[in-house]
Every structure is written in C-alpha cells, then in structure tokens.
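One structure below.
Just the heavy atoms: all of them, side chains too, but no hydrogens, waters or symmetry mates, feed the values below.
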Amino acid sequence: MSPVIPPSVADDARLAALARYAVLDTLPEAAFDDITRLAAAICQAPVALVSLVDRDRQWFKAEVGLGFRQTPVGLSICAHALDAGGLYVVPDATRDPAFADNPLVTGEPHLRFYAGAPLVTPDGYPLGTLCVLDRRPRELTDAQAAALRTLAAQVVALLELRRAMAAQAALAEAERDRAEAARGRDDADAVRQRQQMELVVRGANVGVWYCPLPFDRLIWDETVKAHFHLPADADVTIETFYARIHPDDRASTRAAIEASIAGRASYDIDYRTVAPDGRETKWVRAMGRGFYGPGGEPVRFDGITIDVTARKLAELALRESEERYRLATRATDNAVWDWDLRTDEIRWNEAVIHLFGYQPDQVEPTGAWWVAHVHPEDRARVTAGIHAVIDDPARDQWQDEYRFVVAGGGTADVFDRGYVLRDAAGRGLRMLGAMQDLTARRRVERQREQVLAAERAARAEAQAAAAEAARSARMKDEFLATLSHELRTPLNAILGWAQVVRRHPGEPEVVAEGLATIERNARAQAQIVGDLLDMSRIVSGKVRMDVRRTDLAAVVRAAVDTCRPAADAKGIRLQVVLNPDASVVAGDPDRLQQVFWNLVSNAVKFTPKDGQVQVVLGRVDSRLEVAVADTGQGIDAAFLPHVFDRFRQADASTTRRHGGLGLGLAIVKQLVELHGGTVTARSPGLGQGATFTVVLPGPTVDPGSDGAAAPGRPPRAGDRPAALADPLAALDPSALIAGVRVLVVDDESDARELVRVLLAECGAVVTTAGSAAEALDRFAADRPDVLVSDIGMPGEDGYALIRRVRALGPDHGGRVPALALTAYARSEDRVRAVLAGFQSHVAKPVEPSELITMIASLAGRTGSTPAGAGTP
C-alpha cells in the first residue's frame with residue numbers, strides 16, 4: 001500500500017519557511033533535548049521527538065527513545081499533523097487505515113500511539129511537531145495535552161531565538177566579506193589593476209581560428225579546441241561549434257556572428273562551452289571579424305578565443321558579495337556605516353533613520369555628525385579609542401559600547417564595531433562597521449531567559465509532579481497492603497475459629513469462645529468497611545447530618561464509656577473532666593460521638609500499659625473545646641503536619657505495632673469541619689504523648705427547639721465503632737414475624753441460608769430463590785407477605801426483579817412490601833433502591849434484630865408500616 005503524503009508537505013512557502021530557520025542536519029542542542037525529555041516525562045511516553053518535516057524526509061532535531069534521526073516522509077505520522085490545526089492524536093495506529101501498514105507500526109519499533117502538537121511559526125507555517133509515541137494504545141489526559149501544546153510553543157520560541165542569533169552572525173559575516181572586498185579595492189588602484197589583469201589575460205592562453213565562408217570547414221588551433229573541450233586532432237564543423245556552446249547561449253552567439261558578417265562589424269562575445277559529459281563548463285571570449293572579396297562578398301570569418309572563466313567567476317563572486325552586503329544592510333536592524341577616512345564622508349544605511357528616529361535630511365554624511373551625536377560623557381573615550389585603532393597599523397578592529405543621541409534628545413545604548421581597510425603602507429583608507437541597538441539584543445536575551453525560566457519551571461513542575469505521582473503510588477501501595485492486612489487479619493480469626501468450632505461442637509466453652517471471637521472480628525471488618533464508606537461520603541459531599549441541640553458532655557461521656565473496657569484491659573487510667581457550663585452544642589450527636597470515640601480509642605491504642613488518657617471538656621469564650629491527651633508514643637515532628645491526611649500512617653511498614661487504615665483521624669477532621677469547628681494535634685515528640693483538641697462553635701439553634709439535651713448513641717458495628725448488646729434480647733422474635741411468609745432472593749447460597757435460618761428461628765415461613773427468574777416462579781406459586789432481595793445478582797439484578805414485581809399490578813401481588821438487603825451501602829444506592837420500588841434498604845452485614853424489625857414493620861406487625869408499603 002503506497003503511503004499517502006499530505007499535499008501541505010510539498011508546499012513551497014512552508015518549505016521556504018523551514019529553510020529560513022537553517023536547523024536541518026544541525027548538531028543536537030541541549031535546550032531542544034531537555035524539552036523533548038520533559039514531554040516524554042509529562043506524557044509518560046517512551047518516545048518523544050522534535051520532528052521537522054522536509055520535502056522528502058522527516059528529521060528529528062531532538063529524540064528520546066527512538067535511536068535514529070530521520071525517516072522518509074512517506075513513513076511520517078507527523079506529516080499528517082501539519083494541517084490538524086491543533087493537537088493530532090492517533091490512539092491506536094494499527095486501527096487507523098492511514099498508518100496500519102506503516103513499517104514503523106508493523107515492525108520495529110512497533111509504534112501504536114501518537115500525539116503531536118504542531119510547531120507553527122509566527123506567520124502561520126507548520127514546520128513539524130513536538131510529538132510523543134508509545135508502543136501501546138492509549139490517550140493523553142487533558143493536563144498532558146495542555147502541557148504538550150505549551151512545550152511545542154517553547155520549541156517554536158527556541159527556533160525563533162536561534163534564528164535571531166543566526167541573523168546576528170550572518171550580519172557579522174557580511175560585514176567581514178564587505179571589509180575583505182573593500183580592503184583590496186581602492187577606486188583608482190582597482191581600475192588600474194583590472195586593466196592590467198585584462199591585458200595579461202588577453203595575452204595568455206589565446207586560441208586562433210579561421211573559417212572560410214560559407215562555413216564548410218572550421219580551422220581551429222589546439223587552444224581553441226581545448227576551449228571547446230575537443231582533442232587536438234578533432235575535425236571541426238559548424239555543427240560541432242554550436243553543439244559545444246551552452247544551450248542558453250546558442251541563439252545569441254548565432255545572432256552575433258550573422259550581425260558581424262552582414263554589418264561588417266567587429267565580433268566580440270562571451271559564451272559558455274560545455275563538455276560532452278556536461279560536467280565542465282568554460283567561459284570563452286570570442287573576438288573576430290569578417291573578410292570580404294573584391295565584390296564585397298564575405299569570404300572568411302577569422303578571430304581568436306580566450307578562456308575567461310577565472311574572470312567571470314571573480315566577477316560573479318564580486319557581484320554576489322556586493323548583493324549580499326546590499327541585502328544585509330537593508331535587512332538588518334543595525335545601522336551599517338562606511339567611513340572614508342580620507343574625506344571624512346560616512347554613508348549610512350536606512351536603519352539609522354528608523355532605528356534612531358532621524359529623518360533622511362537630518363543625517364549628515366560626515367564623521368563630525370557622528371561624533372556630535374555620541375553622548376558628551378562618552379565622546380572623549382569613544383573617539384580616542386577609534387582613532388587609536390586607525391592610527392595603529394597592527395590593529396584593524398575597533399569596538400565599544402556607548403550612548404548615542406537619538407532624535408528628540410533621548411539616548412540609546414549601542415554596541416558599535418568597525419574594521420579598518422589599509423593600503424600597502426598600512427595607512428587607513430576606510431572603515432566599515434555596524435551600530436547595534438542593545439535594546440533589541442537585551443530584549444532577545446530577556447526572551448531567552450524567559451524561555452529558559454519557563455523551561456526550568458516546567459521541569460521543576462514535572463519533577464514535582466513525578467515526585468507527587470511516586471508518593472501517591474507509594475501511598476496507594478502502602479494503603480492496599482494495609483487494607484489487605486486489616487481485612488485478612490480478622491478474616492483469619494473468623495475462618496480459624498469456625499473450623500475449631502466445627503471440630504468441637506460438643507464443648508460449650510470452645511463454641512462460646514469461638515463465636516465471640518468470630519463476632520468480634522466480623523464487627524472489626526464491618527468497622528473497616530464503615531470507615532471507607534464514611535470517607536467516601538465525606539469526600540463526595542453526601543454525608544448526612546442530623547443537627548440538633550446536643551448535650552456535648554453526654555456525647556463525650558458515651559464515647560469514653562465505650563472505650564473504657566479497652567483502657568481497663570491495659571491498665572490505663574482514663575480521666576474525664578467535664579465542665580457542666582460547657583455542655584450544649586448544635587450538632588449531630590451520632591457524628592460527634594464518632595469523632596470522640598476515634599480520638600479516645602486512638603489515645604488508648606497508642607498509650608502503653610499503665611499510662612494515662614485525659615479527656616477535658618471546657619469553654620473558651622463562645623467556643624467549646626474538648627482535649628484528648630495521652631502519655632503514649634507521641635508523634636514525630638516530620639509526620640505531625642500529615643496526621644489528618646487520608647491513608648497516611650506514621651508507620652506503614654509490615655512491622656507496625658498498631659492496626660488501622662489511616663482513615664480515623666481524616667474522618668475526625670472532616671466531621672469536625674462539617675460542624676464548623678477545627679481539630680488540631682500537638683506532640684512534643686516521640687515517646688512524649690500527644691494532645692488532640694476539638695474546637696466547636698456555641699449552639700446556634702433555639703434552646704427550646706428539642707427539649708432537653710440529647711446525648712449521642714454509641715456507634716453501631718458496621719456503621720460507627722462500638723458494640724451494644726443485641727436489642728433482640730429485650731424482644732420476643734417469634735411475636736414479631738411468626739407466620740409471616742417471606743421470600744428471600746440471593747444468588748449467594750451462604751447468605752441466602754443465613755437469612756432463612758434467622759427468620760425461620762423467629763417463626764417466619766421462608767421460601768428462598770437463587771435468581772430473579774426463580775424468585776418470580778416462587779412468587780407466582782406462593783405469594784409472600786414480604787420480599788427480601790439482594791441487589792447484585794447475575795443475569796437480572798434486584799432492581800430488575802422489583803420492577804417486574806411492581807409491573808404485576810395490585811391484583812397479582814405487585815404491591816408486596818420489599819426490602820433490599822445488599823452490600824451496596826452508599827446513600828445513592830439507598831435512593832436508587834427506593835426509586836426502583838423497594839420500601840426499605842438495609843446494608844450488609846446486618847444485625848439480626850434490625851433485619852427482623854424491618855420485616856415485621858413491612859408486614860405490619862409493629863403498628864407502623866414504612867411509607868410506600870402496600871398490601872399484597
């Protein structure tokens with residue numbers, strides 16, 4: 001398949017713009033290499049290029065990860081990016097018809113992904129791209145795409161800077177050429193020297209030719225034949241003569257011969273002769289005239305030839321040098337001057353007018369005018385310096401920086417430089433130079449510094465981003481390792497004790513200890529999941545707050561009482577000081593108890609045996625403060641600023657002494673801030689204890705809005721830390737759901753069987769189903785009083801099941817009360833379940849008493865049927 005080359009690649013104007021930068025086939029430059037490496041790092045790509053698209057190839061000014069510097073243009077993906085008008089992305093080259101057969105895709109280096117930002121000149125010509133490539137399909141993030149475009153602009157800025165510096169160098173070279181040409185050319189001497197040289201040339205290497213008319217036979221000597229690239233023994237015809245003349249000169253030569261013969265005029269013409277192989281060309285001057293018979297008829301045409309190749313080339317070089325000088329003086333912004341030291345006449349180019357603001361009639365062509373416009377404070381130094389160079393035959397270059405008076409009376413800082421041309425005796429004849437406005441150069445320097453500063457900033461930003469990414473990856477790895485440990489540790493106890501109980505069913509003490517351990521570790525796992533869900537709700541802004549008038553002392557006391565058994569077990573003295581005047585606060589008692597439980601339990605956990613934990617509630621002005629201080633292991637000063645960060649732990653190693661996910665204090669901080677308060681941590685250092693202080697604003701609700709202060713309840717297992725006695729012990733389960741027909745739907749057999757056993761023990765009539773389809777069959781055969789369904793199931797999930805049930809209509813059980821029992825525990829999951837048709841939503845793991853109470857409520861056994869529940 002032939003490669004498709006976009007037409008814009010061969011656009012002459014674009015190629016001319018590329019040529020103006022004179023960057024192709026140049027050596028590597030650190031500035032371009034650094035930008036390329038930066039692009040590769042930011043975009044996380046193994047290959048990055050500064051690619052310039054020429055007519056027949058793409059050439060890489062800088063490359064990372066590729067290993068070669070150019071390819072044919074037919075293989076260039078960058079060529080297709082020239083007309084993109086913006087970032088050009090190929091997510092997977094193997095799936096793109098334009099590149100699927102590209103050898104760089106099908107073979108080494110097996111490129112798949114490409115993203116290129118065009119390098120567009122200020123006048124709108126795309127030169128190539130700054131691109132990144134990968135060996136796997138992918139996309140760029142928005143931040144990476146923006147960075148790639150920014151870095152492409154920096155590449156163009158570097159090209160512009162490079163071009164400006166090259167223009168300065170070209171000007172200097174033109175000045176040197178001009179000086180060298182002028183050095184050997186005094187007006188009178190040059191004319192005399194050229195005349196003498198012409199006489200010498202005409203007198204040497206002269207060939208003689210005789211041509212009887214008509215041109216039947218041409219008689220040439222060996223020199224003429226050599227001028228026409230013929231051997232000495234060659235026979236010459238008129239056809240040979242014209243065949244050896246350059247095609248562009250044949251017509252003019254023929255016309256000159258005919259005019260000379262017909263007009264009896266002299267024949268003097270220059271033309272080029274070409275060797276048979278076309279490799280050599282000579283310039284020949286032919287001079288001759290016609291000879292005539294008695295009747296005036298032309299009988300002979302004779303003359304000579306001279307090889308003037310050297311003269312022609314010298315004249316051509318001189319014209320080119322003068323043209324370069326003329327174009328350079330017109331193109332440059334510098335004030336170029338030519339000073340005749342014998343007449344004191346100075347000729348300026350037009351730049352002196354627009355550079356310094358003078359009108360043409362204000363610029364006098366004399367050295368005195370220039371001296372008068374050197375700043376008075378610099379004049380003596382500058383004139384002494386320039387004349388010292390002119391008067392010293394051993395020196396030919398002068399340069400200085402000074403202030404030059406511009407039109408309107410201001411001054412410009414200039415850099416001036418000149419070269420002295422001398423005669424054979426060493427006397428100065430003329431001086432050629434250029435005056436440069438330093439403002440322009442300093443502007444370029446500032447631009448370069450800005451580019452470098454931006455590059456340094458971008459590099460620093462990229463390094464910081466890379467360091468942050470590495471830190472985030474390390475934290476993620478540490479968190480996942482910690483999460484795995486924290487989940488597997490209680491799971492190990494659960495599985496182990498389950499096997500022990502299975503082996504010793506007849507030993508009540510073993511069974512009791514095993515069940516207690518299983519329950520304790522299951523609650524620990526539920527607490528971990530609850531912490532993760534709490535943090536998810538807080539971060540997403542979906543945490544629910546029940547703000548009311550709250551007795552803060554009661555909340556703190558309840559949290560402390562929950563932690564007291566753990567403190568007693570370690571022999572830790574738990575001291576509580578509660579100011580009765582600092583009690584009422586506006587807040588959510590459950591969430592506040594969660595805050596203080598976290599702080600007190602942390603203090604107990606990190607305090608060694610026989611230590612002390614003190615909890616103090618007081619008032620400072622209109623604010624309430626609760627300080628939790630311990631004599632534990634303390635906090636390292638380096639970690640103290642990060643103590644409230646999510647997933648951060650002072651010790652995340654495998655040898656850490658204390659468990660947890662590193663979420664507790666992050667949740668504390670978020671919940672306190674949701675109450676309009678602050679929490680701070682202080683510690684003198686490791687081994688010296690720590691103090692956490694919560695500051696809450698005073699109450700803003702009506703003191704009588706909710707009666708007496710409401711203490712917070714202890715956290716529930718699986719929702720908030722702590723464990724209460726099962727409320728089911730105070731109830732008669734058989735009286736709640738005895739005889740209630742319940743259909744339990746869950747694809748997990750263990751979970752399904754657990755619910756069946758719990759409900760059957762309370763007298764319910766339970767039917768089970770392992771899928772939505774099986775549940776509908778059971779529903780049709782024996783309509784239940786209550787439907788209990790899981791949400792996540794293969795095939796049809798719980799949402800689809802409840803929609804199909806509701807579609808049955810009232811007469812066929814479509815209004816049966818339904819409970820969603822699921823591990824999807826977010827607030828949005830609860831809303832989705834209700835919107836789908838469930839009356840209630842309960843998150844796994846569920847307390848048996850809560851499940852039984854919810855089913856009794858749905859069945860109308862508690863005197864309060866949840867909103868939306870209907871009769872079957």
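Between the side chain of His675 and the main chain of Asp588, a donor-acceptor pair closer than 3.5 Å is present. Of the possible polar contacts, one joining the Asn598 side chain to the Gln594 backbone as a donor-acceptor pair under 3.5 Å is found. Panel note: side chain Thr550, backbone Arg548; a donor-acceptor pair is recorded below 3.5 Å. Of the possible donor and acceptor atoms, one in the side chain of His841 sits under 3.5 Å from a partner among the backbone N and O of Tyr824. Checking side-chain atoms of Thr693 against main-chain N and O of Ala627 turns up no donor-acceptor pair under 3.5 Å. In this structure, the side chain of Arg778 engages the main chain of Thr768 through a donor-acceptor pair within 3.5 Å. Side chain of Thr607 to main chain of Ala603: a donor-acceptor pair is present (N/O by atom type, distance under 3.5 Å, no hydrogens or angles). One N or O on the side chain of Ser683 and one on the backbone of Ile635 form a donor-acceptor pair closer than 3.5 Å. The backbone N or O of Asp746 lies less than 3.5 Å from a partner atom in the side chain of Arg752, making a donor-acceptor pair. Remark: side-chain polar atoms of Thr631 are paired, donor with acceptor, to backbone N or O of Gln612 under 3.5 angstrom.
Salt bridge Asp610/Lys570: absent, no basic N to carboxylate O contact under 4.0 Å.
By the 4.5 Å heavy-atom criterion applied to side chains, Leu819 and Phe838 are not counted as neighbours. For the pair Val628 and Val616, the minimum side-chain heavy-atom distance is 4.5 Å or more.
The OG1 atom of Thr767 lies 9.0 Å from the CZ atom of Arg741; values are rounded to the nearest 0.5 Å. A distance of 7.5 Å separates CG of Leu736 from CD1 of Ile852, quoted to the nearest 0.5 Å.
Summarising the local packing, NE2 of His504 is surrounded by more than 12 heavy atoms from other residues, nucleotides or ligands at distances under 6.0 Å.
Contact detail for Arg806 and Ala818: the closest heavy-atom pair is NH2-CB, 3.7 Å.
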